[in-house]
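Convention: sequence-line order gives letters A, B, ...; per-chain numbering from 1.
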Amino acid sequence: MIYQGKQKIWSDYQKEIPDDNWYYVRSCIRQNFFPASEKMFTEITRNVLGKDVYETPFHTTCGGIAYHCDTIPQETVMTIVARQFALMTEAGYENYCPSCITSFGNYAEILETWHEFPELEAKIREDLWKACKREFKKPKYLAHSSDLIYHWRNEIADKARYRLVDKETGEPLKIVEHIGCHYAKMFPHKAVGGAEYPYVLAGMVESWGGQVIDYPERRHCCGYGFRQYHVKANRGYSISNTHKKFESMEPYHPDAIITNCPGCPYFLDRWQYVIAEQTGKTYGRGGYGIPVLTYEELAGIVLGYDPWDLGLQLHQVAVEPLLDKIGIEYDPKAKYLGLNKEDLLRPELPTVLKCC
Amino acid sequence: MKENIVIIGGGIAGMEAAKQLLCLGYNPIIVEQNDHLGGHVSQWHQLFPDMTPAQDLVRRLGEEISEANIFLETTVSYVNKLKDGYNVMLNNGVNIVCRALLIASGFKLFDATKKEEYGYGVYDRVITNSDLEAWFNGKQDPRIPDKPARVGFVHCVGSRDLKAGNSQCSKVCCVTAIKQAIEVKEKFPDAEIYCFYMDLRLFGKKYEDFYINAQRDFGVHFIRGRVSEVGEAIDGRLQVKAEDTLAGKPLKVTLDMLVLMSGMVCNPQATEIARMIHLDMDDDGFLRSRDNVYSIIESNRPGVFYAGACTGTKTVPETVAEARAAALGIDAYLKSL
Amino acid sequence: MMDFGFSLSKSSTLNLDTADLSLYKKLCELSPDARTCMACGSCSATCTAGPFSGMSVRKVILDLQRGRDVKAMVQGCMLCGKCIMVCPRGINTRNLILNLCKIYDR
Amino acid sequence: MIDRIPSGFHPFVLPFMIGMVFVLLYCAYGIVKIMIQLTAEDRKKFLISLVTPKTLLKNIKDIFCDCLLHVKLWKRNKMLGFMHSSIAFGWFMLIVLGHIEVILFIPERLHTFYYPIFFNYFVAENDATVAGSLLFFLMDFFLLLVLTGIALAIVKRIRSRIFGMRRTTRHSLINHIGMYALWAIFPLRLLAEGFTAHISGGSFLTIPLNWVFRQFLGNDLNMLPTWWAYSIALGVFMVVLPFSRFMHIPAEMMLIPMRNAGLKIRGARKGFARVQVYSCPNCGVCIDACPMSVSKANIKDCTVYLTRQIRRGNEKRIAEISDKCLLCGKCEALCQVGVEGPQLRVMQRSLRKYALEPDYSNIAVEPLVEAASGSKVLYFSGCMSQLTPEIGRSVESVLRKAGVDFTWMDRDGGLCCGRPMATAGRLDAARAIVEKNEKIILGSGADTLLVSCPICYKMFRESYDLPGVRVVHYSQYFSGLVKLGQLKLEKSDICYVYHDPCELGRGCGIYEEPRRLIGLSAAIAEADKTREESVCCGGSLGSLSLSFEQRRKITQGALDNLYTSHADAIATACPLCKATFARYSDRPVRDLAEIIDAQSTGYKQTER
């Protein structure tokens, strides 16, 4: 791998990211999968970095999942999105930051479509007015929340308690970065680093001391693919895709996987359990899996947040080997205690995948 | 006093035209941006279909135009139209007035880094057709392994590809890939060679024989399908994916080396000059000829002539033939004034 | 093994790294002209047995080149030889099939 | 005539006796072995034929005509015929006359084998009788005849073209030994009898020779060595005979009765096949006959070399020779002995083991039966005709004109007839295809199977069991329609040369009908080599291994033969021949059906 070659490509795909005043919208599903991630985003941006990140409880889904599942037409999605923009406009913001990659892609696609077909935008404005008497301005800047963390990666690194290095050997941890498909594959120029070699997560890993692993199936989908997973008959495809990725990254022995999409960490994490049950194979060391983290969780880890406050106990694959490797202090007994220190009981353990 | 004719570009088109113009009694002045004549051909090793050493051709042409005025490492700073000719200002301060101007600026190889998915400049073992020719010519190349077991050739890199900004066929890549596949097989007899093609366009004399030879005598594997992506494995080898469109299935293979058949795009210098004297550009990015049947060497401006790949992708014999035609065209034009 | 109601599906990818081309290579020794196939499909289009048995010389050669099994197709050949008549590359397709039947080892 | 040697024996007869006994034992052993190898049914058939007067008489006649007089060779080339019959018949007469001499003069010595052979040594002439001098004259006459034959044989080895042969066989060492021994026998006999003539008596040849000898050599010392030499030559010839081509002499005498008994080649190497192999005289007529001989590289793949390699057991060469052959049948048609080269090859191919056997169990015949049902006349165009669709269209048009109600069995494609599979030697697989087609044809309810492809026609005729169904080639059928007045032909002024397709002519014996039909529709010319000697077009499916390039040369050779007729166009009656010729021909190639269609009007149309 020629690093300079990648750098050259990265330099071609830079995007302008304002340093402050962001209107933040949450993902539909992330809060269920990895509930602390979005909380951590607001926590870090507001409290650690001191940025103005506004959010409103009135926003809805962007309609992306329904759109990609072919259950609602594009005009409907656009009107939903128009309402989201109206909320931003009403709140006085012009920098729009979705937490979801599907949403990011959805917004990017709609803005691009309106750019190409202004009459459609006019129609949607009319539809929105008819529906809820709202008006909107298009966001001046659209950035995914991972773009923001990428943008502030060095500030986070400055404030970090831990670095992504093996505390025993001092070697950088080997981190696989996985980018959500809709982040860059539709509009490479709207992504940090482009579609072929996205830099958004790689940049964080590098800043925080880790080493990025580039493996042959890096570009491959996590396997979620909406209809692949949602229709049970197709789930074989879903898991086969995930399996392909793990087979490809296996020789590199990654310490962790970092992702920026709601579905990816979920499937890369949960499918490791299913693959282990179905094939008897695990991909981490000593029967463990490879921990899969969101970028907010990883940021939380390096900033020294308590792993259990980050919700890492909700991961299928045990994160303890990674925490141990970095040298993070945690209380194993507190893993399954709720916020009120009440015992949440132990989950049932898988038969193959080792989960502490 | 012989009449000056400025030839922009000292590749084989410019050289051949200069040679013919000398014969016709003119004073050709070649303006070449590189430090040597011969253009791309001078960097090539052997030419299809007869495996003619490229250097021989360049050397021969060079000897034949020893009387011509040649400015090396020189570019055209400015051209402006005079009443009955052109004023050509070179970056070395020389100013030439001529009644006829020949553009023989040729092509530029498509920048293979633009096809990011193939990893040229990123992966250790991805090279282009011209890198391979340089290696054939004895230049060391650390990207070429000592004993590759599997070598791939990707046809149409930057050709027939709207997304790469060039929807046209570059014409010579198919036969060049086959030529290079044979040459690589000759160097590494144990290697398996895979050519990934969309269509095989072997239009010229002897080209089909080349193809049959490659199949029958060299066992080159031809896979119909454009390479979709290339990944680098932990051992530095390349995992190549394509759709085998004949089998209707995705295909993957791990290779020790991948050669990208970079296509031809118009030399930016030609675009620059076109802008200065208002020459028409074609939608394929090359200069537009008066027509593409009878007047390929003529431009839309009086006294400006074209030869070779500035008007589109050309083979060596086509380029040479156009250069001769352009010389005659200039002669006829000047006599008609 | 736990039953999830779904399982890893077999990859449809033709993997040339693991493809076993020994049969194809053996065939090429006996019928070197097999290599010159350009997959034009004349043989399959004219095949007498094809519409009844699924035989296709083009697919047989391609599948051999990809290390896939060709048994069922070859068994459907009636050796009528029409494919020889139409092959633009002059491949002795009939002899190729006979040779393949001879050396088949799967 | 008196017995000169009291004991009636001299050691010099021993070489001859050893050779003679060896040959007889060998042949006896061979006969027994071959009889055992025959299937019980064939054996019975053969033995019955031997005691059936009709076949017995035919056997005697055939052996006399073929083995002694070489009638077929006379027809082919008089020099060749004379050479062979002079040696064979002359030698035969010498043996017969020798026996007559012994019976007449010394009947008590008849029990010895050697007396009739070495008669002149053992007797002294005491009184010249008319019978004796006549016999002596005849003996000298036939010896002279044989010697003439031998002289011609020597000339033939040097200049075979005089005998109408461009190429002759390259003989093996053992064949050479046998041949030189044979050549030596008769000159030595002349010398021996010449040296002895003053004692034994002689005639116009031996007496003057004796006189000449006595002028130079005034004693009898040379007498015995020449008799020794003569006996040794005989002995050598006979010992070598079973291992040389001369085995064809006894083998042919077995081949003729077996063929007359109606036996067919059933095995690759045993039984009748063995007899065929041994009957090959290695004359090399098949080399010139073979269409592959246009390329020098193929000469060693002619039938003469197949029989040789089978005798040697060289499996690699047997396979090569067997696979290359076009199975055009010309060598068989021209073979003086009747060695069935093509069938021998098919049987060699049938020995081959395949790891993958065809399986047609998935092919349902019911839809095909349905498609074939409806008419009494079922037309089968054959798969090759799809490459030459004018044939089927023309047949269809002619049948319509003639008002024939018919169903086109394979209009939309049908199964192969099975012949290509059979010629590849895969007889069981061919059988599987045949059975499918039998079901379709019998299930269709038709009583006539009209076939336009000779390849299929031969297969339907010979390998199908179609009770109640008349299998007919369209040339025959159309001839019938013309005779019945259902079809009227009008002559055009185009001149056609008719190419006999191998499978139709030599394969099925149909030579006349196509010519008659062309004659009624156009002018007809004949090529240099025609009918039985017609040259294969080179497209034959018989060959497994011939390359495209080799086939091209054969086709060119066949076309050159057709061009000798100077006809305007080429006519044939086979889709494969048509497609093959059309590829390289410089003049139009038409199928018979197309010509008839163009020149015919139907009964109904003439009414109008």
Side-chain angles (χ1 to χ4, degrees), chain C residues 22-23 26-27 29-37 42-57 60 63-64 69-106, chain D residues 319 323-324 349 352-365 367-368 382-388 410 412-426 429-430 432-433 436 453 455-456 539-552 575-576 579-580 583:
Chain C
S22 59
L23 191 57
K26 232 155 104 187
L27 179 68
E29 280 166 29
L30 297 173
S31 295
D33 49 0
R35 292 202 199 99
T36 62
C37 174
S42 302
C43 47
S44 313
T46 197
C47 185
T48 298
F52 301 101
S53 68
M55 170 63 181
S56 160
V57 182
V60 165
D63 281 358
L64 286 172
D69 190 46
V70 294
K71 185 175 173 186
M73 268 193 284
V74 175
Q75 281 187 315
C77 175
M78 294 184 178
L79 281 189
C80 76
K82 249 164 95 190
C83 43
I84 308 181
M85 296 297 289
V86 297
C87 179
R89 280 281 170 87
I91 301 173
N92 190 340
T93 42
R94 188 161 167 255
N95 200 36
L96 184 148
I97 295 294
L98 278 171
N99 283 334
L100 182 57
C101 288
K102 227 182 287 176
I103 58 168
Y104 188 81
D105 56 1
R106 297 290 141 88
Chain D
D323 286 1
K324 214 182 222 182
R349 293 176 185 179
R352 193 159 302 148
K353 294 276 174 288
Y354 290 97
L356 199 55
E357 286 297 339
D359 176 8
Y360 309 122
S361 53
N362 293 336
I363 301 176
V365 292
L368 294 165
C383 54
M384 275 299 164
S385 303
Q386 283 170 355
L387 296 178
T388 51
D410 56 345
D412 302 318
L415 303 183
C416 175
C417 66
R419 177 138 177 88
M421 187 61 87
T423 57
R426 306 182 80 178
I433 304 175
K436 296 246 175 212
C453 171
I455 306 165
C456 311
S540 169
L541 294 170
S543 174
L544 304 181
S545 62
L546 272 177
S547 71
F548 186 70
E549 192 45 34
Q550 288 170 316
R551 283 180 189 269
R552 190 187 63 75
L576 192 49
T580 309
R583 201 176 284 149

Between [atom1] of [X] and [atom2] of [Y], what distance do you get to the nearest 0.5 Å?
X	Y	atom1	atom2	value
C:Cys80	D:Met421	SG	CE	9.5 Å
C:Asn92	D:Ser545	CG	OG	7.5 Å
D:Ile433	C:Leu79	CD1	CG	7.5 Å
D:Leu415	C:Met78	CG	CE	4.5 Å
D:Leu544	C:Leu96	CG	CG	12.5 Å

Specify which of [options] makes the most heavy-atom pairs with chain C at under 4.5 Å.
options	answer
D:Thr423, D:Leu368, D:Ile455	D:Leu368
D:Pro358, D:Gly539, D:Cys383	D:Cys383
D:Gln386, D:Lys353, D:Arg552	D:Gln386

Which pair of heavy atoms, one from [X] and one from [Y], lies closest together, and at what distance?
X	Y	result
D:Gly414	C:Thr48	O-CG2, 3.1 Å
D:Pro420	C:Arg94	O-NH2, 2.8 Å
C:Gly81	D:Leu541	CA-CD2, 3.7 Å

Heavy-atom cut-off 4.5 Å, strictly under: side chain, backbone, both or neither for [X] against chain C?
X	value
D:Leu576	both
D:Arg426	side chain
D:Ser543	backbone

Given side chains that start at C-beta, do those of [X] and [Y] come closer than 4.5 Å, heavy atoms only?
X	Y	answer
C:Met85	D:Arg583	yes
C:Thr46	D:Leu387	yes
C:Asp33	D:Phe548	no

Side-chain donor or acceptor of C:Gln75 paired with backbone N/O of D:Glu357 under 3.5 Å: yes

Set of side-chain contact (heavy atoms from CB on, under 4.5 Å) partners for C:Lys102, sequence neighbours left out: C:Asn99, D:Arg352, D:Tyr354

Salt bridge (charged side-chain N to carboxylate O under 4.0 Å, His left out) contacts in which one or both residues fall within residues 78-90 of chain C, not counting sequence neighbours: B:Glu208-C:Arg89

Part of C:Cys77 lying under 4.5 Å from any heavy atom of chain D: backbone

